[in-house]
Undergrad: 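My questions all concern the structure below.
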Amino acid sequence: MTDNYSAITMFTLSGVSGTRNYRVTLFVVTLLCYCVIWLVNMTIIVTTIVDKNLHQPMYIFLCNLCINALYGTTGFYPKFLKDLLSTTNMISYAGCLLQGFVLHSSACADFSLLAVMAFDRYVAICRPLVYHSVMTKQRTGVFVFIAWCLPLFLLFISTITTSTLRMCGSHIPRIYCINYFVGKLACSASIAMVVSPAFNYTFYFCHAVFVFWSYVKLIKTCLISQENRSKFMQTCLPHLLCLFTVLASLLFDLLYIRFGSKKFNQSLRNFVSIEFLVIPPIINPLIYGLNLTQIRNRVKNVLFGRCLSASAHH
């Protein structure tokens with residue numbers, strides 16, 4: 001039996017095999033999508049870094065949300081683009097664990113960052129007099145640090161737990177690796193593989209409850225004041241839309257993983273599995289870029305300023 005365990009050093013990603021008939025088209029569309037993700041997210045990141053007026057908690061959290069989008073999508077797109085050009089869709093055991101770690105930790109970091117953004121908006125609107133004393137630069141830095149380190153730590157523990165399992169299979173019915181499917185290939189059930197995900201799900205469910213509570217408070221406060229209503233529409237509505245796109249995409253995929261039927265077309269299954277890697281990374285920066293006046297104006301100034309200077313030069 002030991003020989004069988006040690007023989008499994010590679011996994012087959014069978015989801016890619018369903019794309020064989022239109023791989024060139026899918027490659028072009030995927031590459032274009034990845035370029036758009038980099039463009040819209042880097043626009044927000046660079047704008048926030050360059051403009052000192054944007055060095056405020058809300059924009060710093062948004063900048064980190066965009067950095068996280070690039071981190072998460074980098075765990076998927078380069079490998080998927082390579083697989084579309086390859087006849088063998090294999091991934092090493094270590095590579096599979098790494099990809100799972102990046103994708104899971106990125107999804108969890110999204111929730112952490114959206115939670116601290118909700119807290120920031122709660123203090124700004126419900127406790128405006130103490131906002132600057134609560135959301136200091138140091139505290140903002142601590143929030144960002146925690147929002148990154150907690151998901152990385154929790155998923156590191158989960159990945160280490162997964163790596164100790166003995167494998168009795170090498171077939172993953174996806175176009176990328178996640179710990180859930182690696183765990184299903186284990187020769188025997190592990191208590192740690194039940195406890196670790198259960199803790200992570202509970203922990204991030206608490207994030208969702210906190211965000212819900214903060215928005216109940218926000219809406220109550222905004223109903224009283226016209227000024228707060230306009231502030232809510234400008235800064236909180238984009239945050240709610242971002243939260244909805246992330247939550248809907250992830251829940252859709254999680255529910256499909258648990259309850260989805262194998263009778264569904266492979267292309268449909270592939271789309272469901274990559275939805276959270278396509279929609280939130282593109283939609284979130286666009287929502288904020290279009291709704292937050294300071295970012296929108298800064299981007300316009302940079303774009304039109306360059307166009308005007310180029311025409312003047314000619």
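Keep in mind that what you see is a predicted model, and the values were worked out from it rather than measured.
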Undergrad: Could you please spell out the steps behind the side-chain hydrogen bond (donor to acceptor under 3.5 Å, both in side chains) verdict for Y59 and T47?
TA: CA-CA 10 Å; Y59 300 108; T47 302; over 6 Å; no
Undergrad: Can you sort out the partners of F111 under ring pair (Phe, Tyr, Trp, His ring centres under 6.0 Å), two or more places apart, ordered by chain and number?
TA: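 In terms of ring pair (Phe, Tyr, Trp, His ring centres under 6.0 Å), with neighbours along the sequence ignored, F111 is linked to no residue.
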Undergrad: Within this structure, what is the CD1-SG distance for the pair I37 and C66, rounded to the nearest 0.5 Å?
TA: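 Rounded to the nearest 0.5 Å, the CD1-SG separation comes out at 11.5 Å.
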Undergrad: How would you list, by chain and number, every residue that makes a side-chain contact (heavy atoms from CB on, under 4.5 Å) with V46, sequence neighbours excluded?
TA: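 Checked V46 against side-chain contact (heavy atoms from CB on, under 4.5 Å); matches are M42, V50.
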Undergrad: State which residues pass side-chain contact (heavy atoms from CB on, under 4.5 Å) with V36; sequence neighbours excluded, sorted by chain then number.
TA: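 V36 satisfies side-chain contact (heavy atoms from CB on, under 4.5 Å) with V40, I282 only.
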Undergrad: Show me the donor-acceptor pairs within less than 3.5 Å that the side chains of residues 129-137 make with the rest of the protein, sequence neighbours left out.
TA:
| unit_1 | atom_1 | unit_2 | atom_2 | d |
| --- | --- | --- | --- | --- |
| Y131 | OH | D120 | OD1 | 2.5 |
| S133 | OG | V130 | O | 2.8 |
| T136 | OG1 | R139 | N | 3.2 |

Undergrad: Can you sort out the partners of N41 under side chain to side chain donor-acceptor pair (under 3.5 Å), two or more places apart, ordered by chain and number?
TA: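 N41 satisfies side chain to side chain donor-acceptor pair (under 3.5 Å) with no residue once adjacent residues are dropped.
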Undergrad: Would you be so kind as to tabulate the donor-acceptor pairs closer than 3.5 Å made by side chains of residues 94-101, with sequence neighbours excluded?
TA:
| unit_1 | atom_1 | unit_2 | atom_2 | d |
| --- | --- | --- | --- | --- |
| Q99 | OE1 | C177 | N | 2.8 |
| Q99 | NE2 | G75 | O | 2.9 |

Undergrad: Say whether L150 and F205 are linked into one hydrophobic cluster, either directly or through other cluster members, by side-chain heavy-atom distances under 4.5 angstrom.
TA: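 Different hydrophobic clusters.
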Undergrad: In Å, rounded to the nearest 0.5 Å, how long is the span from NZ of K79 to CG of L84?
TA: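 Reported to 0.5 Å precision, the distance equals 9.5 Å.
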Undergrad: Atom CG in L65, atom CG in L114: separation rounded to 0.5 Å?
TA: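 If I round to the nearest 0.5 Å, the distance is 5.5 Å.
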Undergrad: Can you sort out the partners of L154 under side-chain contact (heavy atoms from CB on, under 4.5 Å), two or more places apart, ordered by chain and number?
TA: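 Listed in chain order: F199, N200, F203, Y204.
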Undergrad: Using side-chain contact (heavy atoms from CB on, under 4.5 Å) as the criterion, list what pairs up with I60, not counting sequence neighbours.
TA: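 I60 satisfies side-chain contact (heavy atoms from CB on, under 4.5 Å) with N64, T140, V144 once adjacent residues are dropped.
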Undergrad: Whether the side chain of S106 engages the backbone of L103 through a donor-acceptor N/O pair (distance < 3.5 Å, no angle test) should be reported.
TA: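 It does not hold such a pair.
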Undergrad: For residues 24-35, run the donor-acceptor check on the side chains, cut-off 3.5 Å, and write out each pair with its distance to 0.1 Å, sequence neighbours left out.
TA:
| unit_1 | atom_1 | unit_2 | atom_2 | d |
| --- | --- | --- | --- | --- |
| T30 | OG1 | L26 | O | 2.6 |
| Y34 | OH | W38 | NE1 | 3.1 |
| Y34 | OH | T74 | OG1 | 3.2 |

Undergrad: Tell me, please, which residues at least two apart from Y93 pass ring pair (Phe, Tyr, Trp, His ring centres under 6.0 Å).
TA: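 Scan of Y93 (ring pair (Phe, Tyr, Trp, His ring centres under 6.0 Å), adjacent residues dropped) gives F11.
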Undergrad: Using 0.5 Å steps for rounding, measure from the CG atom of N89 to the CD1 atom of I172.
TA: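 Reported value, rounded in 0.5 Å steps: 12.0 Å.
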Undergrad: So, using side chain to side chain donor-acceptor pair (under 3.5 Å) as the criterion, who are the partners of H171 when residues are at least two apart?
TA: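 If we apply the side chain to side chain donor-acceptor pair (under 3.5 Å) test to H171, skipping adjacent residues, the hits are S14.
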Undergrad: Can you sort out the partners of F76 under ring pair (Phe, Tyr, Trp, His ring centres under 6.0 Å), two or more places apart, ordered by chain and number?
TA: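 Checked F76 against ring pair (Phe, Tyr, Trp, His ring centres under 6.0 Å); matches are F80, Y176.
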Undergrad: So does S86 get a backbone contact from the side chain of R23, meaning a donor-acceptor N/O pair under 3.5 Å?
TA: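 Indeed, once roles are kept as given, a pair shorter than 3.5 Å links the two residues.
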